[in-house]
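Encoded as structure tokens, the structure appears first; notes follow it.
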Amino acid sequence: MVKIAPSILSADFGKLNEEIASIESYSDMIHLDVMDYHFVPNLTFGAPVIACIKTKLPMDCHLMVENPELYLDQLAKIGAYSVTVHFEATNNLNSLVAKIKELGMKASVAINPATVTQNLKDILPFVDMVLVMSVNPGFGGQHFIEIALDKIKELKKMKPDLLIQVDGGINAETAKLCIQAGADILVAGSYIFGAENRQKAIESLKS
Ligand code: DX5
Ligand code: ZN
């Protein structure tokens with residue numbers, strides 16, 4: 001069964017814990033988009049805000065930042081379950097992944113729409129998850145870029161037991177395509193938090 005990770009980027013930041021409570025019982029993970037205005041043209045939040053989140057769900061921190069290594073100690077300390085770092089944001093992916101695991105978190109690597117899966121070949125043995133971006137990172141509510149579907153299939157071939165997340169432009173239609181391609185975790189922001197009935201929206205992604 002595919003897992004759902006709502007992205008709080010489209011939630012009301014003024015009442016984050018209420019927003020999270022509204023989706024908690026239907027979700028498998030919570031997706032936290034950390035942005036720094038440098039790696040992406042947008043700014044969100046970091047560890048001090050994440051530390052205030054009350055949830056039983058595992059927290060996956062998607063780091064869309066330059067110098068992601070600076071964030072890891074704090075995220076481990078506040079109980080992040082996993083950290084997703086961008087292939088494009090570092091020259092030293094191996095030590096970054098090793099550090100995440102040393103700190104007791106699961107390690108995940110993301111690729112932008114313009115990055116080919118072959119770039120991940122040598123890191124795959126060391127990661128727990130991969131995140132395929134199906135939009136250019138930075139904003140919610142963008143259109144799904146179909147090249148992501150080929151990438152999911154390629155990555156499944158490269159490492160069959162790899163957990164694959166897809167992030168960006170997920171709705172009931174694109175979710176179906178991602179599941180068919182072999183995705184394990186669907187990250188969705190605007191489709192869930194913008195829905196009148198969030199439970200139904202989440203269920204529609206699974207069916
Ligand atoms: C975009 C973020 C996504 C975003 C997805 O850079 O990584 O997690 O919240 O938003 P939707 O689901 O609206 O495309
Ligand atoms: Zn994200």
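Each ligand, and each atom within it, is numbered from 1 in the order the structure gives. From a predicted model like this one, the values you see are computed outputs, not experimental measurements. One-based numbering along the sequence shown.
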Item checked: Lys156/Asp184 salt bridge by N-O under 4.0 Å criterion -> yes

Checklist line | NZ/NE/NH1/NH2 to OD/OE distance under 4.0 Å, Arg198 and Glu19 | finding: yes

Notebook entry, point to check: With the Zn ion (ligand 2) at the apex, how many degrees lie between ND1 of His62 and OD1 of Asp33, rounded to 10 degrees?
Noted result: 90°

Notebook entry, point to check: Is Asp60 salt-bridged to Lys106, cutoff N-O under 4.0 Å?
Noted result: no

Item checked: Side chain to side chain, Leu72 and Ile100, heavy atoms closer than 4.5 Å -> yes

Next item on the list: Using the Zn ion (ligand 2) as the apex, give the angle to atoms OD2 (Asp167) and NE2 (His31), rounded to 10 degrees.
Entry: 100°

Margin query: Side chains of Asp33 and Thr44 only: does a donor on one sit below 3.5 Å from an acceptor on the other?
Written below: no

Notebook entry, point to check: At what distance, to the nearest 0.5 angstrom, does CD1 of Ile164 lie from NZ of Lys153?
Noted result: 11.5 Å

Checklist line | Residue contacts for ligand 1, heavy atom to ligand atom, distance under 4.0 Å | finding: Ser7, Leu9, His31, Asp33, Met35, His62, Met64, Met133, Pro137, Gly138, Phe139, Gly140, Gly141, Asp167, Gly168, Gly169, Val187, Ala188, Gly189, Ser190

Note to self: Regarding Asn92 and Ser95, do their side chains bring together a donor and an acceptor under 3.5 Å, going by distance alone?
What the structure shows: yes

